[in-house]
Amino acid sequence: MTEIAKALTVAGTDPSGGAGIQADLKTFQEIGVYGMSVITSVVSQNSLGVKSFVDLELDFVESQFDAVFEDIPPNAVKSGMLSNPNVMALTARKLKEANVANYVLDPVMIASSGHALISETAREKIAKELLPLATVVTPNLPEAEALTNREIKTIDDMKEAGRVLVEDYGVNAALIKGGHYEGEADDYLYDGQTFEKFSAERFDTKHTHGSGCTYAAVITAGLANGKPLYKAVKDGKAYITAAISNPLNIGKGQGPTNHWGHRWSEVQPTTKV
Ligand SMILES: Nc1ncnc2c1ncn2[C@@H]1O[C@H](COP(=O)(O)OP(=O)(O)O)[C@@H](O)[C@H]1O
Ligand SMILES: Cc1ncc(COP(=O)(O)OP(=O)(O)O)c(N)n1
């Protein structure tokens, strides 16, 4: 019988298929990892933006966790949209009970359309309960600013945010993503010892919907497959760069990234700093 790595995503939905649970499951499938999901919120959104969302009842979210964990324990877990402090606390408790070793925390706060996907009070909960459990946290610049309560204007500020998240908030490693920065699309990983830079050319495209979800899902799949964090991020950066650089003509607004892009591209961007 074939053994296959298993990954779980805990997130909200995107009926248009570009972000959230749908992006994560497509990514797991593309990489050859068995994908599972716990849905936290049902979101009405598409490439034009978020219209509204409904949080599922906490008991029902818990029941989904139990259904997965009692049957098919995942090798790695990713969380995305956890819209309120209660679902964050529940996720923290379930990860601890299941002794999850590989956990990627994508601290989703605001969709690129500008729509808030979590409440104000939920931010503190991320810092207190989820960061100490995570193998890596993957904030974009506004999320890194909100989590650390600091402005990020320079590369040094990005690195300092990574250092604060690891040394002051107790996360194992922080990947500060530069998608919202100017110039090259460079991301910085800090693991408490060294900074690694993951570089890519910035492509002039609006088709980046779900890029953060997809990137974190590749990292999760890599960890599920037993890769070290550095290699999982390196593969994630190559996948997301190819997915952005080979756009699909889908959607009237900010379209989804291309999950087949890596098959069409030779892009392998990573340099050490
Ligand atoms: N226009 C672009 N060209 C190339 N890479 C990009 C572009 N926009 C974002 N990225 C990359 O996509 C990934 C997701 O980044 P980011 O946009 O910062 O996160 P989020 O989707 O969570 O807002 C990062 O690796 C970032 O560097
Ligand atoms: C349900 C759900 N989760 C997360 C997001 C945000 O996706 P992300 O990949 O961070 O980036 P954008 O799609 O906002 O560019 C979402 N929209 N929906």
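When a ligand or atom number is given, it counts from 1 through the structure's own listing order.
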Under 3.5 Å, which donor-acceptor pairs do the side chains of residues 218-229 form with other protein atoms, sequence neighbours left out?
residue : atom : partner : partner atom : Å
Thr220  : OG1  : Ala216  : O            : 2.7
Lys227  : NZ   : Asp235  : OD2          : 2.6

Classify the contact between Asp106 and ligand 2 as side chain, backbone, both or neither, using a heavy-atom distance cut-off of under 4.0 Å.
neither
What about the rings of Phe198 and Tyr230, do their centers lie closer together than 6.0 Å?
yes
Give a yes or no on whether Leu48 and Phe53 share a hydrophobic cluster (residues Ile, Leu, Val, Met, Phe, Trp, Tyr; joining criterion: side-chain heavy atoms under 4.5 Å apart).
no
Record the part of Thr208 in heavy-atom contact with ligand 2 below 4.0 Å; permitted values are side chain, backbone, both and neither.
backbone
Quick test: of every protein heavy atom, which one is nearest to atom 5 (C) of ligand 2, and how far off is it to 0.1 Å?
Leu117 CD1, 3.8 Å
Atom indices of ligand 2 within 4.0 angstrom of Gly210 heavy atoms, with elements:
9 (O), 11 (O), 12 (P), 13 (O), 15 (O)
Cut-off 3.5 Å, no hydrogens considered: what does the side-chain donor-acceptor table look like for residues 34-43, sequence neighbours left out?
residue : atom : partner : partner atom : Å
Thr40   : OG1  : Ala11   : O            : 3.1
Thr40   : OG1  : Met81   : O            : 2.7
Ser41   : OG   : Asp55   : OD1          : 2.8

Do me a favour and list the nearest non-hydrogen protein atom to atom 10 (O) of ligand 2 with residue, atom name and distance?
Gly212 CA, 4.1 Å
Hey, what do you get for OG1 (Thr154) to NZ (Lys159), rounding to the nearest 0.5 Å?
10.0 Å
Tell me which part of Ala19 gets within contact of ligand 2: side chain, backbone, both or neither, using heavy atoms under 4.0 Å.
side chain
With a 4.0 Å cut-off, would you call Arg263 and Glu30 a salt bridge?
yes
Is Ser211 touching ligand 2 with its side chain, its backbone, both, or neither, if touching means heavy atoms under 4.0 Å apart?
backbone
Run the salt-bridge test on Lys197 and Asp187 with the 4.0 Å N-O cut-off and return the result as yes or no.
no
Can you sort out the partners of Glu62 under side-chain contact (heavy atoms from CB on, under 4.5 Å), two or more places apart, ordered by chain and number?
Asp66, Leu90, Arg93, Lys94
For Glu97, I'd like to know if atom CD has over 12 heavy atoms of other residues, nucleotides or ligands within 6.0 Å.
yes
Take every heavy atom of Gly80, measure it against each atom of ligand 2, and state whether any distance is under 4.0 Å.
no
Check Lys177 with Asp186, please: is the shortest side-chain N to carboxylate O separation under 4.0 Å?
no
Under 4.0 Å from one or more heavy atoms of Gly12, ligand 2 contributes atoms 1 (C)
Does Asp14 have a non-hydrogen atom less than 4.0 Å from ligand 2?
no
Non-hydrogen atoms closer than 4.0 Å to ligand 1: which protein residues do they belong to? List them by chain and number, please.
Asn140, Lys177, Gly179, His180, Ala185, Asp187, Glu201, Arg202, Phe203, Ser211, Gly212, Tyr215, Lys237, Ile240, Ile244
Verdict with supporting geometry, Asp24 and Lys78, side-chain contact (heavy atoms from CB on, under 4.5 Å):
CA-CA 9 Å; Asp24 295 344; Lys78 165 188 183 275; 2.8 Å; yes
State the CD1-NZ distance between Ile250 and Lys252, to the nearest 0.5 angstrom.
13.5 Å
Which option out of Gln45, Gln22, His180, Lys177 puts a heavy atom nearest to atom 2 (C) of ligand 2?
Gln45
Numbering the atoms of ligand 2 from 1, which are under 4.0 Å from a heavy atom of Thr13?
1 (C)
Report the nearest protein non-hydrogen atom to atom 12 (P) of ligand 2: residue, atom name, distance rounded to 0.1 Å.
Ser112 OG, 3.4 Å
Here the pair of heavy atoms bringing Ile152 nearest to Ala144 is CD1-CB, 3.6 Å
For atom 7 (O) of ligand 2, what is the nearest protein heavy atom, given as residue, atom name and distance?
Cys213 SG, 3.3 Å
